[in-house]
Protein chains: 2
Amino acid sequence: MRFDPDDPRSVASDRFVLSKGHAAPVLYAAWAEVGVIKREDLTSLRDITSDLEGHPTPRLPFVDVATGSLGQGLGVGVGLALGARLAGSDARVYVLLGDGETAEGSVWEAAQMAAHQRLDNLVAVIDVNSLGQSGPTMLGHDLRAYQRRFSAFGWRVKLIDGHDMREVVTALRWARRGRGAPSVVVARTVKGKGIEGMEGREGWHGKPLTADAAEPAIQALEGRLHHVPAPPVQPPRRGRARQPAAGGPRLPGPEIAGEIATREAYGNALVRLGASDPRVVVLDGDVKNSTHAEKFLAAYPDRYLEAFIAEQNMVSVAAGLAAQGWVPFASSFACFLERAADQIRMAGISRSNVKLCGSHAGVSIGEDGPSQMALEDLALFRALPEAVVLYPADGVSTDACVQLAAMHRGMAYIRATRMKTPGLYSPEEPFAIGGLKVVRASGADRLTIVAAGITLHEALAAHDELRQAGVTVRLIDLYSVKPLDTAGLLSAARATGNTLLTVEDHYAEGGLGAAVLEAVGDAGVAVHRLAVREIPRSGAPRKLLERYGIGRGAIVTKVHEILAG
Amino acid sequence: MRFDPDDPRSVASDRFVLSKGHAAPVLYAAWAEVGVIKREDLTSLRDITSDLEGHPTPRLPFVDVATGSLGQGLGVGVGLALGARLAGSDARVYVLLGDGETAEGSVWEAAQMAAHQRLDNLVAVIDVNSLGQSGPTMLGHDLRAYQRRFSAFGWRVKLIDGHDMREVVTALRWARRGRGAPSVVVARTVKGKGIEGMEGREGWHGKPLTADAAEPAIQALEGRLHHVPAPPVQPPRRGRARQPAAGGPRLPGPEIAGEIATREAYGNALVRLGASDPRVVVLDGDVKNSTHAEKFLAAYPDRYLEAFIAEQNMVSVAAGLAAQGWVPFASSFACFLERAADQIRMAGISRSNVKLCGSHAGVSIGEDGPSQMALEDLALFRALPEAVVLYPADGVSTDACVQLAAMHRGMAYIRATRMKTPGLYSPEEPFAIGGLKVVRASGADRLTIVAAGITLHEALAAHDELRQAGVTVRLIDLYSVKPLDTAGLLSAARATGNTLLTVEDHYAEGGLGAAVLEAVGDAGVAVHRLAVREIPRSGAPRKLLERYGIGRGAIVTKVHEILAG
């Protein structure tokens, strides 16, 4: 590996991903061997004061993404390899997988994309020890079965004895000679090799030896080790490689401030952003004509990656790209991003600079029915400690949210709506992460409605209808769902009878209403909530909004009910 | 197909799964053709009053599970096929997939399990039309590529022209002759075949023709149709097939009421339940020695299915088993169940009778680190409208929760803890879905702590420490997180200064605290919350509980702080 410990995140550096993250102690020992971490620190393993955690995390400079949820490392490797290639770097990416984790479908999503993208800078090694945590793996030591599968998915394959160092070194050299296809080395190994009572036996997964048993085991291993001086770390050649550079400040407002679906505004915003920020890369899962990511493809084909219908891999690839300094925006229907919930969780733990856009949120998509409606995505993304969650309601605010997401260092999620909505803001309107907009206010307001996205437009209509009936209410656009402006919410509540009414196109649990409750729940504010409370069905958007109690009619009724006490 | 419209859920019936759910109109038309639905109802497609939704749902008798999130049908088919075999039925299962959806890893998880289980009663058909929603598929019309992949995964494969009815019929006959392996028919098709201006063209995905264009298109299709009288629906042979029968009433209390990890109590409870309820089938994703599902394997090997490290498929298989009348319990680490978030969402829409147990919840797992800690699982499962969410704190309540889950018709989630905890309840203690337990109370209580699982034990210790300092507080075990006992919470709040303090080993968003807020947020109760608010790290369980502010020390401090006002 070419690696510069002083600049581990350089696109010129080779990368190593330990997909089988439970082998972390070996990873730490190896980096200690080459001097990147101190040998005496190794005994702090898994201690609360140590960065040598139970599974690798990017608290360590040589770890690009957290691993430990199996089957995700190869997708990250695909992203790292694509990121290096995009930067013009000839660096390589190595991924070590366990055999058991190849049962994860995400491994095959990554395998197919690697072959489709002809990633000859990607090398996978599979440690086929035939034992899972709780029993034999499905394929045992049938190396030919692994060969058939990876060959069928378009990879070069070499089978070796993983305990024969000469074979290992030869195989890694062979892997480097691949052209136009990724390479995998399938290594037959025996768990606990060379240790009496442990070799090839079940029941030792993740279990330490007793002190008494450890001594003879170490003796046995010493006898089999190749004692070679640690090779000097070879610095990467920089050559053509170009580290992605940050873009400029926020762009002037977009021209389109009229009626537009926020998903289309997302596509427009990506194109504008792509012009000013060369780090931006866009991915989509075969719905680019729905999310309008195709606009970016048309404008910057070199920075668009089709992820096909494989959302888990799309997110892992995005995490790999981010680890190379790119700013990936990945989109799909919001409900299908949930397919990658665990990859999103791991990207969160990795503090990956990944941006996700979920379109077609809520029942307002209409006739396609519940399988296409995201009604739990806000709950999912809000439960990531460092994620930013944005939910714009018009074209101008969508453009702002895309730029805020790009400028934010870390994960950001943008929720977009299928149907067209009117313009609300002028192009110069300022927006901020953690902000909100009071869109309707008077001195006589009797409560405050808090909405975002599609329900903001329903609330505006309700506001007008209520005003005609002599009832004035305040209205807040909570476009920044996380973090949210607690002081702003409290200030509105205090001015309007300490009463809030949230309205959301999301299930009643964990979404916008829950966010407001969590913010002001200990401050003596009554929070009433309108949300979807049953599994919806197909139908016209307007009918669904009313049937599930989040349309203008339902809002008007609820306001009267609250004010009647 | 052998199918009895009067008993569509019989294990003796053949089943058909339309994995490419967007082809729903064709499915409805086909069932209208054989008289199972009325022809005149077809024009109500996608209307709010109609069960003919945009994508198929089990509101229709011939639909076993909702489809529309691609790549899930084959896993359901595996479950249906396993369910039929378990029941001694020789019924077959047919699954129609789109080509684009084979990019989903879940398809390969299902493929490998079908081959591993030698499911010769499972037939897949892939409609290779080469066009995705937004562009060509990865493999286009390369039928040999599909052949290589499915062969490598252990399937019998036949390639055909999908427009030649004779080839289709011959292939389906060939598929039935398979022994010891599943069969797949890979059918080359052209989208819009026979319609001028549409055949083989992009841009027609999910778009209706105009009325003017529809007439000549229908004419063109009529000319190519084989007009044959609808075949009579062939009733299934019942023979040996044995519909799983319901079990008895709740079992008498378990003997172990002392210290035990709830995950181990889960394993014990499954064994007890398995004896009285022959419908119970258990699955696990290669952590059966951690979830203790292995106890069920030891007791009832015929009703245990190893799902290996492929959680998405595990959930889809469970949904398929449930559709055959079995009561599947599937377990993994709670964080890895999140891998199947989208399958869980679809099982929810399907109203599947699936039971899931997630072990190793929260930071209290300790040294393995954040990748193994579920801190967002309550948010995920609570956001399913009809799911029951249970979180027991000792052996007795775990046993009760497993039985409550089995008796409940629909999805249930049980959250389990890694570390051992003391016994709290006697074996006769009654538990109910929607219940709670007031575990400490006095007339002088100044606030109520609401906890569950591991934090209940922390709160108990805090309670004792506070009492010694002269402060008495009430303590509630909220073992039923959803639904929850709002009246019980309010009653406790009213008696203790309208003040609640929730404590949870979960992120601050969407979990136990949010559930309490959502229940009493409009009732003038102040809800204070202790929860994990940052990405945790490895360390000893006790140290992590305190560091992240949910241990006994943090609770004592918070109570003093609240009471000091």
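Within every chain, numbering begins at 1; the chains are lettered A, B, ... in the order of the sequence lines, protein sequences first and strands thereafter.
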Notebook entry, point to check: Given that the side chain runs from C-beta out, which part of B:Met314 has a heavy atom under 4.5 Å from chain A: side chain, backbone, both or neither?
Noted result: neither
Item checked: Any donor-acceptor N/O pair, A:Arg537 side chain to B:Thr49 backbone, under 3.5 Å -> no
Next item on the list: Carefully, step by step, assess A:Leu45 and B:Glu367 under the rule side chain to side chain contact (heavy atoms under 4.5 Å, CB included).
Entry: CA-CA 9 Å; A:Leu45 178 71; B:Glu367 288 85 350; over 6 Å; no
Check: If you count heavy-atom pairs under 4.5 Å between each of B:Gly524, B:Ser50, B:Ala515 and chain A, which one has the most?
Finding: B:Ser50
Notebook entry, point to check: Where on B:Glu386 is there a heavy atom nearer than 4.5 Å to chain A: the side chain, the backbone, both, or neither?
Noted result: side chain
Checklist line | Contacting region of A:Ile349 [heavy-atom separation from chain B under 4.5 Å] | finding: both
Checklist line | Heavy-atom contact with chain B under 4.5 Å, split by part of A:Asn498 | finding: neither
Notebook entry, point to check: Which of the residues A:Ala110, A:Cys335, A:Gly100 is involved in the greatest number of heavy-atom pairs with chain B at under 4.5 angstrom?
Noted result: A:Cys335
Next item on the list: Select one option (side chain, backbone, both, neither) describing which atoms of A:Ala340 are under 4.5 Å from chain B's heavy atoms.
Entry: neither
Check: Do the side chains of A:Leu70 and B:Ile309 get nearer than 4.5 Å, heavy atoms only?
Finding: yes
Check: Considering all heavy atoms of both residues, which atom of A:Ser371 and which atom of B:Ser69 are nearest to each other, and what is their separation?
Finding: CB-N, 4.3 Å
Check: If only atom types and distance count, is the side chain of A:Ser538 paired as donor or acceptor with the main-chain N or O of B:Asp47 below 3.5 Å?
Finding: no
Notebook entry, point to check: Less than 4.0 Å between a side-chain N and a carboxylate O, is that true for B:Asp522 and A:Arg529?
Noted result: no
Notebook entry, point to check: Do A:Met138 and B:Glu306 come within less than 4.5 Å of each other through their side chains, counting heavy atoms only?
Noted result: no
Note to self: Tell me which of these, A:Gln112, A:Glu109, A:Lys543, A:Glu518, has more heavy-atom pairs under 4.5 Å with chain B than the rest.
What the structure shows: A:Glu518
Next item on the list: Go through B:Glu311, B:Met113, B:Arg533 and name the one with the most non-hydrogen pairs under 4.5 angstrom from chain A.
Entry: B:Glu311
Check: Under a 4.5 Å heavy-atom cutoff, which of B:Thr137, B:Leu544, B:Leu517, B:Ile562 has the most pairs with chain A?
Finding: B:Leu517
Notebook entry, point to check: If you count heavy-atom pairs under 4.5 Å between each of A:Pro370, A:Ala341, A:Gly132 and chain B, which one has the most?
Noted result: A:Pro370
Next item on the list: Please look at A:Val516 and chain B and tell me whether the side chain, the backbone, both or neither of the residue comes under 4.5 angstrom of a heavy atom of that chain.
Entry: neither
Check: For the candidates B:Gly366, B:Gly154, B:Gly510, which exhibits the highest count of non-hydrogen atom pairs separated by less than 4.5 Å from chain A?
Finding: B:Gly510
Notebook entry, point to check: Roughly how far, to the nearest 0.5 Å, is CH2 of B:Trp108 from OG1 of A:Thr102?
Noted result: 14.0 Å
Next item on the list: Find the one option among B:Glu534, B:Gln372, B:His528 whose heavy-atom pairs under 4.5 Å with chain A are most numerous.
Entry: B:Gln372
Notebook entry, point to check: Are the side chains of A:Asp342 and B:Phe336 in touch, meaning some heavy atoms are under 4.5 Å apart?
Noted result: yes
Margin query: Can you confirm whether B:Ser134 sits close enough to A:Glu294 that some side-chain heavy atom of one is under 4.5 Å from a side-chain heavy atom of the other?
Written below: no
Next item on the list: Pick one of side chain, backbone, both or neither for A:Glu104, based on which atoms fall under 4.5 Å of a heavy atom in chain B.
Entry: both
Next item on the list: State whether the side chain of A:Asp286 and the backbone N or O of B:Gln133 hold a donor-acceptor pair below 3.5 Å, judged by distance alone.
Entry: yes
Checklist line | For chain A, the option from B:Gly369, B:Gly135, B:Ala383 that forms the most heavy-atom pairs under 4.5 Å | finding: B:Ala383
Notebook entry, point to check: Do you know which of A:Ala103, A:Gly521, A:Ala379, A:Ala526 has the most heavy-atom pairs under 4.5 Å to chain B?
Noted result: A:Ala103
Check: Any idea which of A:Glu101, A:Lys482, A:Arg382, A:His506 has the most non-hydrogen atom pairs under 4.5 angstrom with chain B?
Finding: A:Arg382
Check: At a heavy-atom separation under 4.5 Å, does A:His55 approach chain B through its side chain, its backbone, both, or neither?
Finding: both
Margin query: Given heavy-atom pairs under 4.5 angstrom as the criterion, report whether the side chain, backbone, both or neither of A:Arg345 touches chain B.
Written below: side chain
Item checked: Interface residues of residues 144-152 of chain A facing chain B - heavy atom cut-off under 4.5 Å -> A:Arg148, A:Arg149, A:Ala152
Notebook entry, point to check: Hey, does A:Ile535 have a side-chain heavy atom less than 4.5 Å from the side chain of B:Arg351?
Noted result: yes
Item checked: Residue pair B:Pro385 / A:Glu509, side-chain heavy-atom distance below 4.5 Å -> no
Check: Using non-hydrogen atoms only, which part of A:Ser350 is less than 4.5 Å away from chain B: side chain, backbone, both, or neither?
Finding: neither
Check: Any side-chain heavy atom of A:Leu380 within less than 4.5 Å of one from B:Glu376?
Finding: no
Next item on the list: Can you tell which part of B:Ala508 gets under 4.5 Å to a heavy atom of chain A, answering side chain, backbone, both or neither?
Entry: backbone
Item checked: Between B:Arg339 and A:Ser106: side-chain donor-acceptor atoms closer than 3.5 Å -> yes
Check: When only pairs under 4.5 Å are counted, which of A:Gly71, A:Ala514, A:Gly68, A:Ala523 shares the most heavy-atom pairs with chain B?
Finding: A:Gly68
Notebook entry, point to check: For A:Pro536, is it the side chain, the backbone, both, or neither that has a heavy atom closer than 4.5 Å to a heavy atom of chain B?
Noted result: backbone
Notebook entry, point to check: Checking heavy atoms, do the side chain of A:Ser290, its backbone, both or neither come under 4.5 Å from chain B?
Noted result: both
Next item on the list: Sort A:Ala66 into side chain, backbone, both or neither according to what part of it lies under 4.5 angstrom from a heavy atom of chain B.
Entry: neither
Check: Which region of B:Val532, side chain (C-beta onward) or backbone (N, CA, C, O), has a non-hydrogen atom less than 4.5 Å from a non-hydrogen atom of chain A, or is it both or neither?
Finding: neither
Check: Excluding sequence neighbours, so at least two apart, what forms ring pair (Phe, Tyr, Trp, His ring centres under 6.0 Å) with A:His205?
Finding: A:His22
